[in-house]
Amino acid sequence: MFDRRLLIHFDWPLLLLVIAVALIGIVNLYGATASWSSMNLPVYLKQAWWLGGGILLALAVSLFDYRHLQHFGFILYGLNLLLLLGVLLFGKTSMGATRWLDLGVFNLQPSEIMKIVIIIALACYFARQDTLAGYDFKGLVVPFVLFGLPALLIMRQPDLGTALIVIFIGLTMVLFAGIHRATLVGLSALGISAIAGGWFLLHDYQKQRILSFLNPESDPLGAGYHIIQSKIAIGSGGFFGKGFMKGSQSQLAFLPERHTDFAFSVFAEEWGFCGSLLLLTLYLLIVIWGIYVARNAADLFGTFLAFGVSALLFWHIIINLGMVIGLLPVVGVPLPLFSYGGTSMITSMLGAGLLLNVSMRRFTF
Amino acid sequence: MALNTGWSGSPALKKRFVFSSLTALTIFALLLLRLWYLQIIRSDDYRLLSERNRTRFVTIAAPRGPIVDRSGHVLVDNRPAFRIAALRQEVTDPETMLARLAEILDLEPELLEARWAAGRQLPRYRPVPLADDVSREAMEKVMERSFELPGVLTEIRPIRFYPHRESAAHLLGYLGEITEEELRSPAYRNYQGGDFIGKNGLEKVMEAYLNGIPGEHRVEVDVLGKKLRILKTREPLSGQRLTLTIDRDLQLATEAAFGDQAGAAVAIDVRTGEVLALVSMPNYDPSLFARGISGREWLDLLQNPLNPLQNRALTGQYAPGSIFKIVTALAALEFDPSLNNFHTNNTGQFVLGNQTFRDSTAVGRTISGLREALQRSSNIWFYEVSLKIGIDRIATMARRLGLGTPTGIGLAGERAGLIPDSQWKRRRFNDRWYQGETVIASIGQGYILTTPLQLANLMATVANGGTVLRPYLIKEIDNMRGQIEKIPPPQPLQQAHLNPAQLELVRQGLKAVVNERGGTAFSSRLDELSYAGKTGTAQVVAQAQRRRADQVVPYRLRDHALFGAFAPSVNPEIAVAVVVEHGGSGGAAAAPIARAMFESYFKLREPVADEDTQRN
């Protein structure tokens, strides 16, 4: 039976915020790719279709009660893990990485689904434990294995960006669940040594990206090129920007990946600091709103679910923006709702759907 | 709102919500701070960088200055030509690209490969020139197939155009791509690889005037360096226009008179030193170089036994033969004026010690004096007179008349010739001078060497009363911006200080050569014009090896034919010298060419039809 209260409590502001960002993204895409010869459908129209589909998906996700997820969260997780293994064994290779399963009709990217599934799985675990006092080493083994295992598999594809997102989501949720003080200190020490050790496990091109991030001018036409060109685009935008479709960096193709990972650079060049301020405010509102949804959730599972989705969006935004403004190394992470790409749009809208789901059921027990 | 305070009301969780929100806020604030730094504090720097990023400076070749003759007839100009070039950064598969182009353009693949390899020194955004002056059809074919030729582009640029083809090729010179060595030299500081420069002749000497100043486009480019639009243009400054002293019709007439004979001819205005014609045969087509000469064509030129690349007019050194008798005559008159009337009987041979010198001219005749000696070109007369005056006086007179030193015409490679004397003999061979050497020197054989240019200048000196002029080629330099610099005749090289009366005696003899029966150039006389001249026949091999009566002499062993002349014989205006290599006798082979030159200069005949004038 459909509960009328659900409609009354539907979280319109959140949906509107999400759609607003996505629409700005589509307008930006229109300008960034205007000079492209139109094969098939223009990029911005494709993105509009993805957005439409994404909204429907979010609404669909918000319809069923999220609490059912608690019963088969681990099953989903297990299936997703198998898919990741499948990718490594039978995956489709493209551009040096194996990330896709060819399902005939479309290419499935299990690592992308894992971003959502890991949130569900961790939420299941923490909600079941119901420990608010804080976890010790023993209690943390399961969550670390839960996000560590898929992260390792994704790293093998290799897809550093997605693996990092999974790890960051996991760590954020663990921190939110609470850790004993002594355990936290121990874990920090372990983490630092792990990072140091991890360096040797990185691929050459990944090391190169990190090194060139530290000193982009050392290789202006090679690996550092992206960062330099992105900074020039953003910086030259100034306070008011160069105007829509007037950004020379973007329009003349000096910006690489200007419709995907570097879409924000195009926006910042053409709309200046004013535009950046607007977009960042919208994103911050979405994240804070997600945390607010978590705070008001009807149960602990909902809280962890909403918080995890907020963490997902937050880390995507921070890593992408940090990368294009030269604060973080270039790892291929799109800006949610804004960069072109169906996969990213679907993941973001799945997340938004979960937030809406939790939000509209805050008063139902 | 907070009805459900069951679990989330716990203070521990509350703190975590506040803490996470604040963390998010702080990190977003950090991002904004960074954006503030980039977009506001450093904005100007980045704006500058983005400007530089999207603009490139593309040079526009300055049209090279044209060269015209004294009346403004075009000798060299420019015409637009299609060039096929390729951008290195866009060519993914050079081998396929070069093979396809070679097929379309019908060129040797090696030629394209060599130019592609040479393009490696060019900056990335400059297209590598592959083929110049391709036909419109070939250019269209390349454009049609551009999708299979990524990175290949067509450009239009000016190249040299020679309305008279080979005419005056040596004087004008040709262009060639600047070499690495030349690029390093300070003279070519402002040049870039791929530029064409004068390699030869006036094109080389006057490079600084002809070249002009290249302009540039400030071009907006995309990341591949593809030109999108021109932001700003600085127009190139065309090279300066040279007006030569050359008379085109005279030059063409002289070249036509040579036919397929090898040799050289020079015409000089005896009053100023203006060079009216400078001919070296055979010549070559400089337009081969304008579009980049192929290896095959270059080899053909280099291996041609007649050496078409040599400018014989100033680098060819020939024994002057009997033309030198003018020098001997002047030296003799100055030494003893009574020698004017010295007479001797020509027995056909002249014995000196154990040497016998033959003289086939006017055998059995008595040569009554200088005038007849010149007219009939009697060797015996000069043999005997030369022994009275000695080599050193002859050599001194030769030097006073400008022989033995370059004339300083201002073209590269001019030779000095050679005027031997006893001192020279000692220096060179550590041996004394023999009288037999004086005898053959008196008739311009032996060690003596002169260039055709020197001989023309010698005739000019005789014609103008004894002033050794410095021949020159450039009359006017027009900078194409309204300033025309007139070049005055240069200071004469020296005065020969000749006694006018004695000089007149020599001139009378030269007049008789052409105009009196028995003169060696009588058959080349002109009814409308009295001119004066002296024939010369220079032995290529020693007398002993020479022909017996009816034997056909191989080309390489035939004598060089020479003729020096000036016209009119009274108040002369023009002096000429003609050398026909292996042409036989001066009177038969060289004098007719000089006559043709006078006919052209004094407009006694219609100018030579020039069917090659239009090519485009």
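Below, chain A is the first sequence line, B the second, and so on; all start at residue 1.
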Asker: If you round to the nearest 0.5 Å, how far is OH of Tyr37(B) from NZ of Lys231(A)?
Answerer: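 Lys231(A) atom NZ to Tyr37(B) atom OH measures 7.5 Å (nearest 0.5 Å).
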Asker: Calculate, to the nearest 0.5 Å, the distance between atoms CZ and CD1 belonging to Arg42(B) and Ile234(A) respectively.
Answerer: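 That separation rounds to 13.0 Å.
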Asker: Which atoms of Ile40(B) come close to chain A, meaning under 4.5 Å heavy atom to heavy atom: side chain ones, backbone ones, both, or neither?
Answerer: side chain
Asker: From Thr303(A) OG1 over to Leu13(B) CG, what is the distance, rounded to the nearest 0.5 angstrom?
Answerer: 7.0 Å
Asker: Counting only non-hydrogen atoms closer than 4.5 Å, does Ala233(A) touch chain B with its backbone (N, CA, C, O), its side chain (CB onward), both, or neither?
Answerer: neither
Asker: Can you pull out the residues in residues 18-30 of chain B with any heavy atom less than 4.5 Å from chain A?
Answerer: Ser20(B), Ser21(B), Ala24(B), Leu25(B), Ile27(B), Phe28(B)
Asker: Please check: side-chain N/O of Gln39(B) versus main-chain N/O of Ser236(A), any donor-acceptor pairing under 3.5 Å?
Answerer: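 Side chain of Gln39(B) to backbone of Ser236(A), a donor-acceptor pair under 3.5 Å: no, none is there.
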Asker: Do Leu327(A) and Leu31(B) make a side-chain contact, defined as non-hydrogen atoms from C-beta onward lying under 4.5 Å apart?
Answerer: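 Yes - at least one pair of side-chain heavy atoms lies under 4.5 Å apart.
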Asker: Taking atom CD of Gln229(A) and atom CG of Leu49(B), what is their separation to the nearest 0.5 Å?
Answerer: 9.0 Å
Asker: Within a radius of less than 6.0 Å around CD of Glu95(B), do more than 12 heavy atoms belonging to other residues, nucleotides or ligands occur?
Answerer: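 No, because the 6.0 Å sphere around CD of Glu95(B) holds 12 heavy atoms or fewer from other groups.
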Asker: Arg47(B) side chain to Gly235(A) main-chain N or O, any donor-acceptor pair under 3.5 Å?
Answerer: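 No, the answer is negative, given that no donor and acceptor are paired below the 3.5 Å cut-off.
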Asker: Side chain, backbone, both or neither: which part of Phe240(A) has an atom under 4.5 Å from a heavy atom of chain B?
Answerer: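 No part of Phe240(A) comes within 4.5 Å of chain B.
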Asker: Relative to chain B, which segment of Phe176(A) carries a heavy atom at a distance below 4.5 Å: side chain, backbone, both, or neither?
Answerer: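 For Phe176(A), backbone and side chain are both near chain B.
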Asker: Main chain of Phe17(B), side chain of Arg295(A): is a donor-acceptor contact present, judged purely on distance under 3.5 Å?
Answerer: no
Asker: Return the CZ to CG distance between Arg34(B) and Leu321(A), rounded to the nearest 0.5 Å.
Answerer: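 It is 12.0 Å, given to the nearest 0.5 Å.
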Asker: Where does Tyr283(A) contact chain B at under 4.5 Å (heavy atoms): side chain, backbone, both or neither?
Answerer: both
Asker: Does the side chain of Leu277(A) come within less than 4.5 Å of Leu35(B)'s, by heavy atoms?
Answerer: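 Counting from C-beta outward, Leu35(B) and Leu277(A) never come under 4.5 Å.
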